[in-house]
Amino acid sequence: MTSKPEASLDKTYQPADIEQRWATEWENKGYFRPSGQGEAYSIMIPPPNVTGSLHMGHAFQDSIMDTLTRWQRMQQKNTLWQVGTDHAGIATQMVVERKLAAEEGKTRHDLGRDKFLEKVWEWKEESGGTITRQLRRLGASVDWDRERFTMDEGFYKAVQEVFIRLYDEGLIYRGKRLVNWDPKLHTAISDLEVENKDQQGNFWHFRYPLADGVTTADGKNYLVVATTRPETLLGDTCVAVNPKDERYASIIGKDVILPLVGRRIPVVADDHADMEKGSGCVKITPAHDFNDYQVGKRHHMPLINVMTLDAAIRDQAEVFNLDGTINEAVDPTLPELFRGLDRYEARKLLVAEMDTLGLLEKVEAINNTLPYGDRSGVVIEPLLTDQWFVKIAPLAEPAIKAVENGDIQFVPKQYENMYFAWMRDIQDWCISRQLWWGHRVPAWYDESGNIYVAQSEEAARRKYNLGQDVSLEQDSDVLDTWFSSGLWTFGTLGWPEQTDELKTFHPTSVLVTGFDIIFFWVARMIMLTLKFTDQVPFKTVYVTGLIRDDNGQKMSKSKGNVLDPLDMIDGIDLDSLLEKRTSGMMQPQLAEKIARQTRKAFPEGIGAHGTDALRFTLLAMATTGRDINWDMKRLEGYRNFCNKIWNAARYVLSNTEGEDCGTQNEAVELTLADRWIISRLQETEAAITRHLESYRFDLAANTYYEFVWNDYCDWYLELSKPVLWNEESSPEALRGTRRTLVRVLEVILRLGHPMMPFITEEIWQRVKGLAGVEGDTLMQAQWPVPNESRMDAAAVSDIEWVKGVILAVRELRAANNLAPGKPLPILIHNASTEDQQRLEANRLFLQKLAKLESIELADTLPMSAMQLVGQMEVHLPLAGFIDKDAEIARLQKEIDRLQQDIQRTEAKLGNEAFVSKAPAAVVEKEKAKIEENRLACNKLQEQQEQLKAL
RNA sequence: GGGUGGUUAGCUCAGUUGGGAGAGCACCAGCCUUACAAGCUGGGGGUCACAGGUUCGAACCCUGUACCACCCA
């Protein structure tokens with residue numbers, strides 16, 4: 001299918017009519033594929049969750065990536081933007097489990113692993129298209145032929161390969177360690193998936209009786225320990241005091257009797273005990289607290305696990321030594337009272353029991369922080385379990401170096417500190433997850449628990465020389481999603497094969513992502529990629545802020561302030577928006593409040609703005625290193641900008657189609673306006689290129705907006721009219737103006753294309769022929785390169801003068817309440833030779849744009865209103881219709897302004913230190929300014945006197 | 001408690017080696033001027049958070065304070 005440009009553009013800009021048409025055509029024609037020629041440029045999309053949908057953050061990042069990609073492609077690079085999705089372990093599994101529960105009332109265990117996974121794949125097939133459809137709507141020029149999914153066969157091979165190599169090198173190990181356990185989802189999660197939240201809590205102060213009649217320095221026969229987690233008392237292995245704490249020096253090494261359990265546990269000296277906090281004694285439960293684990297380790301304490309995977313109290317404790325072997329020295333019996341109780345019920349009961357025993361000294365209200373699972377929302381339990389870990393230290397070192405030595409650069413730079421801070425005290429990474437959906441750990445166990453790591457059972461037998469008589473069972477865990485997405489840049493290019501794509505496009509050029517994901521993903525990609533390819537994954541990391549709502553709030557379903565990028569594009573009526581925001585909520589009780597807010601914020605729903613406007617808005621707001629507060633008004637403003645471009649194009653087309661535009665390089669005469677706009681265009685090309693190179697999309701967008709609206713539309717198009725609509729214009733002048741109109745527009749379209757691909761392509765197709773440009777698509781057109789020889793400083797200052805005169809007249813007109821269309825006679829006084837030359841050269845422009853009846857030089861003047869252009873006076877004769885008082889007042893305002901400025905400058909120049917120490921150029925500038933202002937001020941005063949005398 | 005970023009017009013934000021405070025939107029006034037009322041023309045509006053310091057000169061550099069946001073403990 002080919003898009004056939006209409007004969008002329010519709011009167012109003014209708015993005016819906018053009019965008020999808022072009023998206024389809026570009027893709028069908030294969031324009032998104034790498035050209036195979038030129039320097040390579042590549043970006044890997046941060047893979048969104050395959051079953052998710054795009055939010056504003058995606059739209060933001062994708063707009064940036066597409067802008068970079070299109071810009072580089074236009075610079076004729078061999079450009080690859082590779083797309084793909086992530087299987088998103090926990091998130092996806094949860095969605096399918098919920099669906100299963102709702103539709104069939106079953107759990108995944110009812111189905112069994114294989115059947116459940118079938119369901120997940122079905123769901124992936126069903127919903128996986130959402131995100132790619134949305135990407136297409138955004139105009140993303142990704143190479144769809146190379147779309148990847150983290151659970152693809154080929155990618156899984158890379159994941160296995162990495163796991164096996166790391167294991168064989170001793171960098172992956174299995175061990176019993178404390179992990180962040182999610183008691184609801186029944187899986188370990190990483191530190192990063194834990195959200196710490198402040199809350200009101202209690203500090204319970206318990207008495208632990210001293211054994212053997214020992215007493216403290218102040219004569220008590222017990223120690224007081226304070227805890228926020230009473231239920232862990234059951235797993236205590238010692239009590240720690242600070243070695244410097246004189247109060248307890250005498251009892252170090254003595255024992256206390258653990259209440260309710262009756263276990264003798266020692267008092268140890270450890271710096272972890274804070275002398276200032278509570279009594280200075282702290283109970284140590286190595287199997288239920290990360291800090292306590294370290295203390296326990298230092299003092300060779302056993303690990304006593306008292307909780308089940310549901311975070312309930314076990315019937316009998318599990319006791320391990322630090323090396324993970326079973327400890328048989330400690331009695332695992334737990335008080336019957338607590339068995340099977342949930343952790344919070346156990347806490348309540350335990351406190352009550354202690355109280356009854358007279359061992360509860362006091363309860364203190366405190367503020368503390370609790371860890372929550374970011375997916376399940378329940379409090380995380382540090383729990384001893386068998387997990388797979390990656391030894392991080394050997395991987396972290398080169399990863400830190402790569403950023404230190406500049407192989408990888410963060411934009412903005414301050415994020416490098418965040419990266420270093422995190423990398424410096426990074427812990428071993430728990431990569432196993434007790435889920436079904438994901439890359440299954442490629443490890444097998446025999447009956448005695450020996451571990452065999454290989455691609456498959458057969459491979460394991462070969463590798464380890466195991467006969468068929470040995471029965472093997474595969475590890476049931478899967479790998480952390482980030483383990484696989486850590487391989488994203490090279491795993492998707494065919495690694496471990498040394499493919500051409502890998503050689504060409506790796507390392508990738510830039511990664512565009514949010515700061516919230518630096519640790520999750522960026523750091524891990526750097527570590528794993530360096531390890532396996534000896535290359536960095538990307539040379540630059542462009543870090544974006546978050547998109548927030550107009551009040552600076554994070555967008556979230558539960559707040560009901562989420563905006564869907566497609567609703568910005570297509571628009572949505574209020575009812576549909578309400579439905580969208582209030583359905584399928586985790587907390588349905590909020591629905592009413594959300595509905596109310598939504599009605600208030602969007603009483604009319606949301607209008608359609610089009611993809612180009614959305615993209616341009618996001619780019620214009622993309623200042624580095626800060627979050628963006630979304631503003632519908634900005635979106636509207638940039639939609640209007642699209643309309644402006646559209647209409648400018650209509651004007652250009654209507655004046656050039658079927659006319660001689662000088663495409664064959666025929667002789668032309670360029671007017672001052674032509675030379676000026678061409679000169680400004682060179683500056684604009686240079687500035688936009690510079691801004692894109694430094695990732696300042698906001699400045700690029702603003703520069704573009706200003707040039708198009710303020711220079712091209714407001715002035716140049718107006719200045720072209722007197723030439724085009726003048727019967728006396730020479731063929732060369734007409735040709736020159738038409739050629740400039742259309743050529744500058746053509747460059748404007750090329751400059752804007754990376755930011756606003758659709759509207760620019762649509763117009764370009766109609767303009768290219770008139771501009772003498774060839775090509776099937778703007779996507780492949782050449783990125784504009786400024787030409788020094790077309791810079792014309794004289795034209796720029798001449799136009800400034802012309803604009804000055806026109807603005808002076810407009811001001812006089814407005815100040816005296818004269819109708820905009822009324823032709824005015826103007827007298828010019830005190831014109832320099834240059835003024836006079838400029839006046840003669842630009843009579844036509846002045847007359848048309850300022851709506852003048854006449855414009856004449858005059859030595860003697862009638863009473864008039866006057867405005868200065870430099871030292872030249874522009875007079876509007878009174879002729880009976882000028883408001884004398886208003887004019888006197890207007891002059892006074894001008895005089896006041898000048899006098900203030902004069903005073904400031906006088907003070908400066910009167911300062912000896914300034915004159916002697918400031919650079920001569922600065923002093924000269926001030927002197928010139930004061931001179932000019934004084935002259936101007938005098939003239940205005942004279943003028944005012946004359947009026948007053950009337 | 002430690003760290004990072006922020007505080008500029010009513011709102012959202014620019015301000016790139018320190019040298020005349022800007023844009024968009026909103027507001028006021030006037031205009032359907034043959035590309036555009038999603039527009040045109042003119043206009044009002046800021047002690048650049050606060051207090052010190054460096055400097056001839058500070059929105060910008062330094063120190064401290066307040067408040068906001070985020071990260072870490």
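In the text below, chain A, chain B and the rest are named by the order of the sequence lines, each starting its count at 1.
Residue-level contact check: A:Cys713 touches the bases, meaning some heavy atom is under 4.0 Å from a base atom. Nucleic acid contact class of A:Arg890 (heavy atoms, under 4.0 Å, all strands): none. Note on A:Glu718: a base of the nucleic acid sits closer than 4.0 angstrom, heavy atoms only.
Figure legend. B:G39 is base-paired to B:C31; pairs are counted as Watson-Crick or G-U wobble with both atom distances under 3.5 Å. Base-pair partner of B:U63: B:A51 (Watson-Crick or G-U wobble, both distances under 3.5 Å). Nucleotide B:C25: paired with B:G10 (Watson-Crick or G-U wobble, both distances less than 3.5 Å). In this entry B:G57 has no Watson-Crick or G-U wobble partner, no candidate having both defining distances under 3.5 Å. If you check B:C70 for Watson-Crick or wobble pairing at under 3.5 angstrom, you find it paired to B:G3. Look at B:U17: it lacks any Watson-Crick or wobble partner with both distances under 3.5 angstrom.
The listed nucleotides are B:C31, B:C25, B:G5; the one nearest the side chain of A:Lys633 is B:C25. Residue A:Arg548 places its side chain closer to B:A69 than to any other of B:C36, B:C56, B:A69. The side chain of A:Lys908 lies closest to B:G20 when the candidates are B:U33, B:G20, B:C13. Nearest nucleotide to the A:Ala648 side chain, out of B:A35, B:A14, B:C56: B:A35. Taking the side chain of A:Asp631 as heavy atoms from C-beta on, and the options B:C36, B:G19, B:U12, the nearest nucleotide is B:U12. Residue A:Arg650 has its side chain nearest to B:A35 when only B:U12, B:A35, B:G19 are considered.
A distance of about 13 Å separates the P atoms of B:A37 and B:C32, rounded to the whole Å. Nucleotides B:G20 and B:G57 have their C1' atoms positioned 13 Å apart, rounded to a whole Å. B:G64 and B:G3 are spaced 10 Å apart, taking the P atom of each and rounding to whole Å. For the P atoms, the distance linking B:U33 with B:A23 amounts to 28 Å, nearest Å. To the nearest whole angstrom, the two P atoms, one in B:G15 and one in B:C71, are 25 Å apart. Remark: the separation of the P atoms in B:G22 and B:A59 is 13 Å, to the nearest Å.
The aromatic rings of A:Phe697 and A:Tyr695 sit perpendicular, their planes meeting at an angle over 60°, well past the 30° parallel limit.
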Distances under 3.5 Å between protein N/O atoms and the N/O atoms of nucleotides 38-48 of chain B, please, pair by pair.
residue: B:A38; atom: O4'; partner: A:Asn640; partner atom: OD1; Å: 3.0
residue: B:A38; atom: O2'; partner: A:Asn643; partner atom: ND2; Å: 2.6
residue: B:A38; atom: N3; partner: A:Arg639; partner atom: NE; Å: 3.1
residue: B:G39; atom: OP1; partner: A:Asn640; partner atom: ND2; Å: 2.9
residue: B:G39; atom: O3'; partner: A:Lys644; partner atom: NZ; Å: 3.1
residue: B:C40; atom: OP1; partner: A:Lys644; partner atom: NZ; Å: 2.8
residue: B:C40; atom: OP1; partner: A:Trp709; partner atom: NE1; Å: 2.8
residue: B:G44; atom: OP1; partner: A:Lys893; partner atom: NZ; Å: 3.2

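The pair A:Arg690-A:Glu693 does not count as a salt bridge, with every side-chain nitrogen at least 4.0 angstrom from each carboxylate oxygen. Looking at A:Glu800 and A:Lys803, a side-chain N of the basic residue comes within less than 4.0 Å of a carboxylate O on the acidic one, giving a salt bridge. With respect to the salt-bridge test (charged N to carboxylate O, under 4.0 angstrom), the residues A:Arg904 and A:Asp901 qualify. A salt bridge does not link A:Glu746 to A:Arg743: none of the charged nitrogens lies less than 4.0 Å from a carboxylate oxygen.
Here the side chain of A:Arg548 pairs no donor or acceptor atom with the backbone of A:Trp630 at under 3.5 angstrom. Between the side chain of A:Glu894 and the main chain of A:Leu940, no donor-acceptor pair closer than 3.5 Å is present. The backbone N or O of A:Ile392 sits less than 3.5 Å from a side-chain atom of A:Asp428, completing a donor-acceptor pair.
No hydrogens or angles considered: nothing links the side chains of A:Asn710 and A:Tyr705 as a donor-acceptor pair under 3.5 Å. Inspection of the A:Gln892 and A:Asp896 side chains reveals an N or O donor paired with an N or O acceptor under 3.5 Å. Side-chain contact annotation: A:Asn702 with A:Asp698, donor-acceptor N/O pair under 3.5 Å absent.
Residue A:Lys721 places at least one side-chain N or O under 4.0 Å from the OP1 or OP2 atom of B:A35. Contact check, A:Arg696 against B:C13: no side-chain N or O comes under 4.0 Å of OP1 or OP2. Contact annotation: A:Lys917 side-chain N/O to B:C56 OP1/OP2 distance is under 4.0 Å. In terms of phosphate contacts, A:Thr623 brings a side-chain nitrogen or oxygen within less than 4.0 Å of OP1 or OP2 of B:A14. For B:A35, the OP1/OP2 oxygens have no side-chain nitrogen or oxygen of A:Asn655 closer than 4.0 Å.
Between A:Leu546 atom CG and B:G5 atom P the separation is 18 Å, expressed in whole Å. The interatomic distance linking A:Asn911 (CG) with B:G19 (P) rounds to 18 Å, in whole Å. Taking atom NZ of A:Lys822 as the reference point, atom P of B:U33 lies 18 Å away to the nearest angstrom.
The local environment of NZ in A:Lys848 is sparse, with at most 12 non-hydrogen atoms from other residues, nucleotides or ligands closer than 6.0 Å.
Taking for each of A:Leu717 and A:Arg634 the nucleotide of RNA chain B with the nearest heavy atom, the 5'-most of the two is the partner of A:Arg634. Summary of the strand contacts: A:Leu699 and A:Pro820 both lie near RNA chain B, and taking for each the nucleotide with the nearest heavy atom, the more 5' one is attributed to A:Leu699.
Taking every heavy atom of residues 919-935 of chain A and every atom of RNA chain B, pairs under 4.0 Å involve A:Pro919, A:Val922, A:Lys929, by number.
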